[in-house]
Amino acid sequence: MESTYDPSRLEASWYKKWETRGYFKPSGKGQEAYCIAIPPPNVTGSLHMGHGFNNAIMDALIRYHRMQGKDTLWQAGTDHAGIATQMVVERQLLAQGQSRGELGREAFTEKVWEWKAESGSKITSQLRRLGSSIDWSRERFTMDPGFSAAVEEVFIRLYEEGLIYRGSRLVNWDCKLLTAISDLEVINEEEAGSFWYFRYRLCNDAQTKDGLNYITIATTRPETLLGDTAVAVNPEDERFLHLVGQEVELPLCDRRIPIIADSYVDPEFGTGCVKITPAHDFNDYEVGLRHQLPQINILTRTGRINDNAPEAYRGLDRFDCRKQLVRDMENAGLLERVEPHRLKVPRGDRSGVVIEPFLTEQWYVATKSLAEPAINAVKNNDIEFVPKNWENTYFAWMRDIQDWCISRQLWWGHRIPAWYDQEGNIYVGRSEEEIRTKHQLNSDTPLSRDEDVLDTWFSSALWTFGTLGWPEQTSELDRFHPTDVLVTGFDIIFFWVARMIMMTLKFTGRIPFRKVYIHGLIRDSEGQKMSKSKGNVLDPIDLIDGIDLETLVKKRTSGMMQPQLAQRIEKTTRKEFPDGISSYGTDALRYTFYSLASNGRDINFDLGRIEGYRNFCNKIWNASRYVFMNTSDITPNKSISEVDYASVDRWIKIRFQQTLGKVNTHMKTFRFDLVSQAIYDFFWNDYCDWYLELTKPILWNEQTTPAQRNATCYTLLDVLEQSLRLAHPFLPFITEEIWQQAKKLLGLSGDTIMLQPYPLEVEMAPDETALVEIHWLQQIIEGIRNIRGELNISPGKPVNVLLKNSDNLDAKLLEAHRFTLCKLCKLESISLLNSNNQAPPAAMQLCGQMEVLVPLDGLIDVESERGRLQKDMTRKQQEIDKLTKQLSNTHFVERAPAEVVAKERDRLEDLNVSMAMLEEQFQRLNLLK
RNA sequence: GGGUGAAUAGCUCAGCUGGUAGAGCGUCGCCCUUACAAGGCGAAUGUCGGGGGUUCAAGUCCCUCUUCACCCACCA
């Protein structure tokens, strides 16, 4: 083994071997199957921390269950991500001075396919860097012919059942992307805006109660005035009731519109009069339907004013029109006042532009009947969310679910399988031919296909069963569906999780997955969301490989949407990473993810943590080197003729089993933080700090018998090898590398640790003596170390130790471990102090009732030792006071369980004894001065 | 407006069914002891957000308030 741990060297080679040897494929063996379908990343995307986290978790689950002997499949694939991908390609075209319109549909989608071919492997190769043991041979793409056929099938069946329909209504319209989007794709954020108070003159000499010949309405979107078809007041509102049925003159438009009464109006808000624009506001739309108001659309698809408006405004951009209209109102003396107002502005999640409610014809999924079984599946625990409380979020949304607008006016995606004849009749089917045959339409009847494509999430909703071959009834579907768990962030519970549950239940009659593990989002060390514009993005690959400062700065400041931010980003980056980021390796990165993965809350990613886990890898590396150096001469198989296990050998095996138990327990509840901590604690504290140190006096002692040596060597190797398997799902690379060595020494067969069985929990005969013995040893060693450390006795200086107030067991244990104690604590001697003999002046540490004495011998300053004792006594006294008080409380003694009371009594007694001994020692030291 | 989660050591976070407050990083000593200075050994550090309540006993259960984060809905 190389003397230093170098992750880049070993990580590079292993993944390729694993993949080419087919280790990631399902074994085809095992009673049970285990399957996870990857949340398909955008095919043209690149890996971010969220992917890193998400995939690290899935890989741990997959490797763990694979090692448990299950027939394990991690189903891979990528998503065509309609809008996102189309935007990227459009931006590229724009840079070349082209637009998609010029290119035309066919040429454009051709370009997207080219781009997909070019960049599509980027994210998958990055997933490989993470060590993800994905079965790449089964990789799917949402626009593969097979998957597309499934999408079409689902659309057609839903249409035939009347669950997909085409309708004309208000949708969220993105004026930049020129497409409808679903409610979920609209982000409502509060922004600073204004309230404009406009006067609408009353017709026919009507007057308000105050004798005014106008009413005032307030609006945040003045330009919509052009589409007003009524003014509404609350039917209970005494102020305006007499005006209902009257008309007002719509300013600047030369139109009259009625005053109507509708309970939608809140008399307390604004002026109590509301302008109604049915074609450009969701609430007004409903009001309009109730009162049969005309719907006047005043916008073009690009957000300009259309010909339904007065000539003066036609062709103006909606925001220019707003300014113009306010000016005109002011000039007409109809602007009463303007107030600053904070309001929620709807913006497209992709484009960032203000979304307009817009009247169009779109395709919808009627969701109500699909939602019901989906709610029940979670309610009756067929599907379980982890953590459980996300179920409430899910229920809340599902119970109030709206019909889903699934058509998008894009070119990249699954084209809707619908055709129209010249009368506008709709024909849905798999192809034009099929439709012609089915509906007996001869070639004289021209048919044109619907231009739109489906929402990306429509196809994603079929992911678990579509990737396994549906609608064919494949053996994979049989074996691996329902999948076991879906691992994802809470941000796509509605987008994806809910819709998968609905669609999968509908089309397979079964749930898509048994559990949904919802994890938190990765944020930066200060809890900020990582984003390009904030310049705080960390690339997982950079954490693995390292990156120098200049490259990092360049990466963070190039290709920015807002170049003016670059300077500040450069400054903060230089400050935060003055030396760039060093290379930590995949294993360290993964372990960091696990350690931070507690109970689904968001994660602030701290570089200090990853460094700590890189050090952990280093620790494993070096401990293994020690083991191999000291065991290379043992017989390379278990047929060690004679073995005589030391208590510490038995102890470490018990500790290993306890750790394994914890790991298995916590894996069941997805507590990767507790899993990683259990392994870390065991390996570093128990195996390295104690066990390895305690084997040294055994291995380096001439008195050790061959049987003892064999036993310890074997245990060193055996526990190491088991620990590697224990840790492999979390640290795949380093464990594989080291296991290859361990395997040789232990004479094991098997080509890879990946396919070895996970360590087995074994029923162990209770071995209290080993635990007691090692605890005894640890206490004495720690006592002596404490004296050395606190009293500044140089570690190299040999000391003599006396044990006072010892019993028979102490005597026995001392004989057994004298050599060990001398070696580990650099002792010249250690012996029992006969009760008849006077103890010399000494520093003292209590181990239970036994005193560990280090004679002063001119080494130790009396004053320091008194201080040390004093500190201990103060602490003990506080405890004693607390316990005394508690035990003198009759309520406690009477009502607390007897064993609790007894325990506290024992503790108090022990403390009192210790205290007396400390006091006595303190007095003795006093006599010296 | 409705909902969810959070508030514990300087920092990032654990703390299960109530019974002596923990880890990592950082800090302070002492050590290059033949696996590891990416290390070893020792040490310090907390009115568990505030206030009530239940209980013999509350970081843990209940109520309330404050602050923060997020989600959903939305008043023009």
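In what follows, chains are A, B, ... by sequence order, proteins preceding strands, each numbered from 1.
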Could you check whether [X] gets within reach of a base, just the sugar-phosphate, or nothing at all, counting any heavy atom under 4.0 Å?
| X | answer |
| --- | --- |
| A/D689 | sugar-phosphate |
| A/L692 | base |
| A/K696 | base |
| A/E904 | nothing |
| A/F616 | nothing |
| A/R671 | sugar-phosphate |
| A/R399 | nothing |
| A/A396 | nothing |
| A/R221 | nothing |
| A/C688 | base |

N/O donor to acceptor pairs below 3.5 angstrom from side-chain atoms of residues 891-905 of chain A, sequence neighbours left out:
residue : atom : partner : partner atom : Å
A/H891  : ND1  : A/R895  : NH2          : 3.3
A/E904  : OE1  : A/R907  : NH1          : 2.9

Under 4.0 Å from OP1 or OP2 of [N]: is there any side-chain N or O of [X] that close?
| X | N | result |
| --- | --- | --- |
| A/R785 | B/U33 | no |
| A/S598 | B/A14 | yes |
| A/K529 | B/C70 | no |
| A/W684 | B/G40 | yes |
| A/R614 | B/G39 | no |
| A/K871 | B/A43 | no |
| A/R895 | B/C56 | yes |
| A/N786 | B/A43 | yes |
| A/N188 | B/C74 | no |

Can you check whether [Y]'s main-chain N or O pairs, donor with acceptor, with [X]'s side chain at less than 3.5 Å?
| X | Y | answer |
| --- | --- | --- |
| A/Y200 | A/I217 | no |
| A/D524 | A/K529 | no |
| A/D349 | A/I187 | no |
| A/R499 | A/F495 | yes |
| A/Q741 | A/I738 | no |

Let me know the distance between [atom1] of [X] and [atom2] of [N], rounded to the nearest Å.
| X | N | atom1 | atom2 | answer |
| --- | --- | --- | --- | --- |
| A/I793 | B/G40 | CD1 | P | 22 Å |
| A/L883 | B/C56 | CG | C1' | 14 Å |
| A/F494 | B/C70 | CZ | C1' | 12 Å |
| A/F593 | B/C13 | CZ | P | 15 Å |
| A/L717 | B/A35 | CG | P | 16 Å |
| A/K826 | B/C31 | NZ | C1' | 10 Å |
| A/K619 | B/C25 | NZ | P | 12 Å |
| A/F672 | B/A14 | CZ | C1' | 16 Å |

Could you work out the separation of [N] and [M] based on their [atom1] atoms and round it to a whole Å?
| N | M | atom1 | result |
| --- | --- | --- | --- |
| B/C25 | B/U45 | C1' | 14 Å |
| B/G15 | B/C48 | C1' | 11 Å |
| B/C61 | B/G18 | C1' | 8 Å |
| B/U8 | B/C13 | C1' | 9 Å |
| B/A44 | B/G5 | P | 38 Å |
| B/G24 | B/A9 | C1' | 12 Å |
| B/C63 | B/U54 | C1' | 11 Å |

- For A/D228 and A/T277, test the side chains for any donor-to-acceptor distance below 3.5 angstrom and give the result as yes or no.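 Yes, side-chain donor-acceptor contact under 3.5 Å.
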
- Secondary structure of RNA chain B in dot-bracket form (Watson-Crick or G-U wobble, distances below 3.5 Å, | marking inter-strand pairs): (((((((..((((.....[..)))).(((((.......))))).....(((((..]....))))))))))))....

- Item | Given A/D183, A/T367, A/L184, the one that forms side chain to side chain contact (heavy atoms under 4.5 Å, CB included) with A/W404 |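 That would be A/T367.
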
Between [options], which one does the side chain of [X] approach most closely?
| X | options | answer |
| --- | --- | --- |
| A/T219 | B/A76, B/G19, B/U4 | B/A76 |
| A/N622 | B/C36, B/U12, B/G19 | B/C36 |
| A/N792 | B/C13, B/G29, B/C36 | B/G29 |

- Message: What I want to check is whether an N or O donor and acceptor connect the side chain of A/E693 with the base of B/A35 at under 3.5 Å.
- Response: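 Flag set: donor-acceptor pair detected.
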
- Take the angle between the ring planes of A/Y687 and A/F682 and call it parallel below 30°, perpendicular above 60°, tilted in between. tilted

- Could you label the plane-to-plane angle of the A/F730 and A/Y594 rings as parallel, tilted or perpendicular, counting under 30° as parallel and over 60° as perpendicular?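 Perpendicular: the ring planes of A/F730 and A/Y594 meet at over 60°.
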
